[in-house]
**Q** 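Once you've had a glance at the structure underneath, I'll fire off some questions.
Protein chains get the first letters and strands the later ones, always in sequence-line order, with residue 1 at the start of each. Any value given below was found using the heavy atoms of this structure, including those in side chains, with hydrogens, waters and symmetry copies removed.
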Amino acid sequence: MPGSGFPRKLRLTEAGQFKAVFDRAQFKVSNRYLLILARENQLEQGRLGLVIGKKHLPKAVQRNRIKRLLRTSFRLNQDLLLGLDMVILARSNMNALDNQQIHNDVQRLWLDLVKKSKASQSKNA
RNA sequence: CGAGUCAGCCGGACAGUUGCUGCCCGAUAUCUCUCAGGAGGUGCCGGGGGGAGGAAAGUCCGGGCUCCGCAGAGCAGGGUGCCAGGUAACGCCUGGGGGAUGUGAAUCCACGGAAAGUGCAACAGAAAGUAUACCGCCCACACCUGGUUGCAGGUGUCGGGUAAGGGUGAAAUGGUGCGGUAAGAGCGCACCGCGCGACUGGUAACAGGACGCGGCAAGGUAAACCCCACCCGGAGCAAGGCCAAAUAGGAAUCCCAUGGUGUGGCUCGCACUGGAUUCGGGUAGGCUGCUUAAGGUCCGUGGCGACACGGAUUGUAGAUGAAUAACUGUCCUCGACAGAACCCGGCUUACAGGCUGGCUCAAACU
């Protein structure tokens, strides 16, 4: 059972790892503000990458806030997300949302993603 | 106490839980090297103490650092622009001069040159830079009327003089007075103003009045071209340096061309092809540059000051998909603008609220 930390091995750190998720995404879930791409990574743990563009969040302070919130949410839910590489993309300016709303929304997306992943595994089996 | 002005400072606090990061210490696991003492790398666990700003922002100037050919000369191009100082340097800062605003403390100024040249200026107006004559005023001439002559009044002229008055304009050749005149005029004079030159004070910008000369000639615009003086080589930490899988083509040495690899149970056959090592190369990736700095604080000395010198003391983020946070609770004045990316010095812009001090004005009290 993994803990709730966020060491380096739980992150996507190289351009190639991001590219793999973009090119061969097996699962997509989204809402108005976020899009999550994911694929199975043959590892024991899930890994997370963030793409928060200047286009949607022009101020560095805003981007930092969103990234911190997303990382925290991943950290607390990582035992649901084993064996998946995920990239979260920002789609529009979510700066108006407060922390509680963002946590709730992201939680819902995680559950959605897990459901799709389980369905795919049982189909293959 | 009120209104204002100029400086300086702060930028939610505390507790708990869960996390991130680089540094130090202690444990381990594993790999490499070894002169067998050990040294180094990587992973993981525990502990300790650090961990965004006054603007970290805009990227507008200046410098350090790095590479490019040494950073020199000329041209082009760009910048700066009252004077003197400070500084590594600056377009910054300090002090001073001039102008403008304000009762004042203070604030603001792209503040060199318009008698080298070129250009530009709506509308109005007769005329706008070689100034100009519309009305008016005066003179001359002609005609008319009145009168005894000298004359007075009126009308006219492709006539002349006149810049005092009217009118136009942002601006019309300096102002006032006296003289002068046909009427006028710096035409002359006095005073004021202006320009030039001496003189005095000041390092200088500049100022001064008790000097002399000039009747005055020289309107504005140089963030228009331009002239003058001074300054500037280019690119930037994705700079630059080191290690180095892979891959293309290459070099050297040795070995074998009766070889090797594949197909096949094996031989023949068929297909493909030299092999090994080293050098070199430099992609992915990693390491470095990377934080001690023109540093902060205090004291002394010099200076009006910016600042300089000397002494003591302190050690203050270094991330790399990129850390400094999330949640809960309590409190208050309910929290703004905003996130380091090689480093400094400035400028500019954004900013909830709060604190301290100097000075000014007004009123009142003693």
Side-chain angles (χ1 to χ4, degrees):
Chain A
M1 194 67 181
S4 53
F6 190 51
R8 192 158 296 283
K9 67 180 183 184
L10 298 187
R11 309 178 198 182
L12 300 182
T13 56
E14 290 173 23
Q17 298 171 344
F18 277 82
K19 195 167 186 316
V21 176
F22 280 120
D23 291 349
R24 295 188 293 279
Q26 293 168 296
F27 315 107
K28 292 184 188 177
V29 294
S30 66
N31 65 11
R32 202 178 144 198
Y33 304 103
L34 296 169
L35 168 66
I36 304 181
L37 302 177
R39 70 186 287 270
E40 291 166 0
N41 61 9
Q42 317 300 333
L43 298 172
E44 291 190 349
Q45 72 280 342
R47 295 191 299 186
L48 177 71
L50 299 167
V51 178
I52 310 297
K54 242 181 209 178
K55 186 179 170 187
H56 299 304
L57 288 157
K59 306 246 177 195
V61 167
Q62 299 169 353
R63 290 194 296 277
N64 279 346
R65 171 170 164 263
I66 299 304
K67 287 196 265 188
R68 283 164 180 159
L69 289 169
L70 293 176
R71 264 187 228 114
T72 302
S73 180
F74 172 82
R75 198 163 61 70
L76 297 173
N77 289 286
Q78 59 181 282
D79 50 338
L80 296 174
L81 301 163
L82 304 176
L84 291 172
D85 278 352
M86 288 154 282
V87 175
I88 305 186
L89 295 99
R91 306 178 103 178
S92 63
N93 193 333
M94 55 196 300
N95 199 46
L97 301 179
D98 65 33
N99 292 359
Q100 189 62 52
Q101 282 176 294
I102 291 173
H103 272 301
N104 291 345
D105 287 356
V106 177
Q107 185 82 35
R108 213 166 292 136
L109 290 176
W110 293 140
L111 294 173
D112 222 8
L113 180 61
V114 168
K115 210 189 292 172
K116 286 197 179 184
S117 166
K118 288 269 167 57
S120 152
Q121 279 171 9
S122 58
K123 199 186 291 178
N124 290 344

**Q** Indicate yes or no for a side-chain donor-acceptor contact from R63(A) to the backbone of I52(A) under 3.5 Å, with no hydrogens or angles considered.
**A**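 Looks like no, no N/O pair under 3.5 Å.
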**Q** Using the C1' atoms only, state how far U349(B) lies from A325(B), rounded to an integer number of Å.
**A**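 Their C1' atoms lie roughly 29 Å apart.
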**Q** Does anything in residues 61-69 of chain A reach RNA chain B, meaning a heavy atom under 4.0 Å, and if so which residues?
**A**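 V61(A), N64(A), R68(A), L69(A), in order of number.
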**Q** K54(A) has an atom NZ; how far is it from atom C1' of A57(B), in whole Å?
**A**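 Rounded to the whole Å, the gap is 12 Å.
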**Q** Taking the side chain as everything from C-beta on, heavy atoms only, tell me whether Q78(A) gets closer than 4.5 Å to F6(A).
**A**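 Side chain of Q78(A) against side chain of F6(A), heavy atoms only: no contact under 4.5 Å found.
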**Q** Can you check the distance between A235(B) and G286(B), where both ends of the measurement are the P atom (answer in whole Å)?
**A**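 Roughly 31 Å separates the two P atoms.
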**Q** For U42(B), which nucleotide is its Watson-Crick or G-U wobble mate, given both distances must be under 3.5 Å?
**A**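 By the stated definition (distances under 3.5 Å), A29(B) pairs with U42(B).
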**Q** Applying the Watson-Crick and G-U wobble criteria at under 3.5 Å, what pairs with A100(B)? Answer none if nothing qualifies.
**A**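 Its partner is U107(B) (Watson-Crick or G-U wobble, both distances under 3.5 Å).
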**Q** Suppose we define a pair by two distances each less than 3.5 Å, Watson-Crick or G-U wobble; what does G74(B) pair with here?
**A**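 WC or wobble partner does not exist here.
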**Q** Is the base of G95(B) syn or anti, where syn means the angle lies within 90° of 0?
**A**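 Base orientation: anti.
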**Q** With a 4.0 Å limit, can you tell me whether R11(A) has a side-chain N or O closer than that to the phosphate oxygens OP1/OP2 of U21(B)?
**A**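 Yes, within the criterion.
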**Q** Taking the P atom of each, how far is A350(B) from U59(B), in whole Å?
**A**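 It comes out at 16 Å once rounded to the nearest Å.
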**Q** Can you pull out every salt bridge (charged side-chain N to carboxylate O under 4.0 Å, His left out) where at least one residue sits in residues 47-60 of chain A? Sequence neighbours excluded, please.
**A**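 Only R47(A)-D85(A) qualify under salt bridge (charged side-chain N to carboxylate O under 4.0 Å, His left out).
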**Q** Between A217(B) and A76(B), how far apart are the C1' atoms? Round to whole Å, please.
**A**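 About 42 Å, rounded to a whole number of Å.
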**Q** Send over the distance from L10(A) CG to C44(B) C1', rounded to a whole Å.
**A**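 Rounded to the whole Å, the gap is 14 Å.
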**Q** Say we look at G99(B) and A205(B): how far apart would their C1' atoms be, to the nearest angstrom?
**A**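 Comparing C1' positions in G99(B) and A205(B) gives a spacing of 14 Å.
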**Q** For U291(B), is chi within 90° of 0 (syn) or not (anti)?
**A**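 It is syn.
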**Q** Under a 4.5 Å cut-off applied to non-hydrogen side-chain atoms, are V87(A) and L50(A) in contact?
**A**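 With C-beta onward as the side chain, the pair stays apart.
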**Q** Does anything in residues 28-38 of chain A pair up under salt bridge (charged side-chain N to carboxylate O under 4.0 Å, His left out), and if so which pairs, sequence neighbours excluded?
**A**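 For residues 28-38 of chain A: none.
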**Q** Assigning hydrophobic clusters by single linkage (Ile, Leu, Val, Met, Phe, Trp, Tyr; side-chain heavy-atom cutoff under 4.5 Å), is L35(A) placed with I102(A)?
**A**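 No; I102(A) is not reachable from L35(A) via cluster members.
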**Q** Donor-acceptor check, side chain of N77(A) to backbone of L80(A), threshold 3.5 angstrom: yes or no?
**A**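 No: the side chain of N77(A) does not pair with the backbone of L80(A).
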**Q** Any idea if A198(B) is syn or anti, going by the 90°-from-0 cut?
**A**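 Anti conformation for A198(B).
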**Q** If we ignore hydrogens and angles and just use 3.5 Å, is the side chain of Q26(A) paired with the main-chain N or O of E40(A) as donor and acceptor?
**A**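 Between the backbone of E40(A) and the side chain of Q26(A) there is a qualifying donor-acceptor contact (under 3.5 Å).
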**Q** Measure CZ/F74(A) against P/A326(B) and give the value in whole Å, please.
**A**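 For the pair F74(A) CZ and A326(B) P, the rounded distance is 19 Å.
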**Q** Could you identify the nucleotide paired to A235(B), looking across every strand shown and requiring Watson-Crick or G-U wobble geometry with both distances under 3.5 Å?
**A**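 U66(B) - that is the nucleotide pairing with A235(B), both distances being under 3.5 Å.
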**Q** For the side chain of R71(A), counting heavy atoms from C-beta on, which of U18(B), G339(B), A323(B) is nearest?
**A**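 Given the options U18(B), G339(B), A323(B), the side chain of R71(A) is closest to A323(B).
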**Q** Both T72(A) and G49(A) contact RNA chain B. Which one's nearest nucleotide lies toward the 5' end?
**A**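 Final value for this comparison: G49(A).
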**Q** Which whole-number value in Å describes the distance from L50(A) CG to U320(B) P?
**A**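 Computing the L50(A):CG to U320(B):P distance gives 15 Å.
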**Q** Counting side-chain heavy atoms from C-beta on, which of G19(B), G339(B), G321(B) comes nearest to F18(A)?
**A**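 Selected nucleotide (nearest to the side chain): G321(B).
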**Q** Could you tell me how far apart L70(A) (CG) and A325(B) (P) are, to the nearest whole angstrom?
**A**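 From L70(A) CG to A325(B) P: 16 Å.
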**Q** Under 4.0 Å between a side-chain N or O of R75(A) and OP1 or OP2 of C327(B)?
**A**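 The answer is no; no side-chain N or O of R75(A) sits under 4.0 Å from OP1 or OP2.
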**Q** Not counting sequence neighbours, list each pair that qualifies as a salt bridge (charged side-chain N to carboxylate O under 4.0 Å, His left out) and has a residue in residues 109-120 of chain A.
**A**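 The answer is none; no pair qualifies.
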**Q** Rounding to an integer number of Å, can you tell me how far Q17(A) CD sits from G285(B) C1'?
**A**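 From Q17(A) CD to G285(B) C1': 12 Å.
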**Q** Quote, to the nearest angstrom, the P distance that separates G339(B) from A57(B).
**A**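 Nearest-Å result for G339(B) against A57(B) at atom P: 8 Å.
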**Q** What interatomic distance, in whole Å, is found between C1' of A340(B) and the corresponding atom of A56(B)?
**A**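 The answer is 6 Å between these two C1' atoms.
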**Q** Write down the partner of G310(B) under the Watson-Crick or G-U wobble criteria, each distance required to be under 3.5 Å.
**A**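 Base partner found: C299(B).
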**Q** With side chains defined as the heavy atoms from C-beta onward, is the minimum distance between F27(A) and R39(A) less than 4.5 Å?
**A**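 In short, these two side chains do not touch, never coming nearer than 4.5 Å.
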**Q** Please set out all donor-acceptor pairs under 3.5 angstrom arising from side-chain atoms of residues 64-71 of chain A, sequence neighbours excluded.
**A**
from   : atom 1 : to     : atom 2 : distance (Å)
R65(A) : NE     : N99(A) : OD1    : 3.4
R65(A) : NH1    : N95(A) : OD1    : 3.3
R65(A) : NH2    : L97(A) : O      : 2.5
R65(A) : NH2    : N99(A) : OD1    : 3.3

**Q** Nearest to the side chain of K59(A), heavy atoms from C-beta on, is which of A338(B), G321(B), C20(B)?
**A**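 The answer is A338(B), which lies nearest to the side chain.
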**Q** Can you tell me the Watson-Crick or wobble partner of U356(B), both distances under 3.5 angstrom?
**A**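 Matched U356(B) with A7(B) under the 3.5 Å cut-off.
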**Q** Just label A52(B) as syn or anti from its O4'-C1'-N9-C4 or O4'-C1'-N1-C2 angle, using within 90° of 0 for syn.
**A**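 Base orientation relative to the sugar is syn.
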**Q** So which of residues 96-107 of chain A are in contact with RNA chain B, with a heavy-atom cut-off of under 4.0 Å?
**A**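 Under 4.0 Å from RNA chain B: N99(A), H103(A).
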**Q** Could you check if a side-chain atom of L81(A) sits within less than 4.5 angstrom of a side-chain atom of M86(A), using non-hydrogen atoms only?
**A**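 Result yes, sub-4.5 Å side-chain heavy-atom pair found.
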**Q** Using a 4.5 Å cut-off on heavy atoms from C-beta on, say whether the side chain of L10(A) contacts that of R75(A).
**A**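 Of all side-chain heavy-atom pairs linking L10(A) with R75(A), none is under 4.5 Å.
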**Q** May I ask which nucleotide in the shown strands pairs with C141(B), Watson-Crick or G-U wobble, both distances under 3.5 Å?
**A**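 For C141(B), the partner nucleotide comes out as G156(B), under the 3.5 Å rule.
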**Q** Say you pick atom C1' in G50(B) and the same atom in G318(B); how far apart are they, in whole Å?
**A**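 12 Å, rounded to whole Å.
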**Q** Once you round it to whole Å, what is the distance between P of G339(B) and CG of L57(A)?
**A**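 Result: 12 Å.
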**Q** Please classify the glycosidic conformation of A217(B) as syn (within 90° of 0) or anti (everything else).
**A**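 Syn for A217(B); the angle stays within 90° of 0.
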**Q** If U59(B) has a Watson-Crick or G-U wobble mate with both distances under 3.5 Å, name it; if not, just say none.
**A**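 Partner of U59(B): none.
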**Q** Would you kindly give the CG-to-P distance between L48(A) and G19(B), to the nearest whole Å?
**A**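 Spelled out: CG on L48(A) to P on G19(B) is 17 Å.
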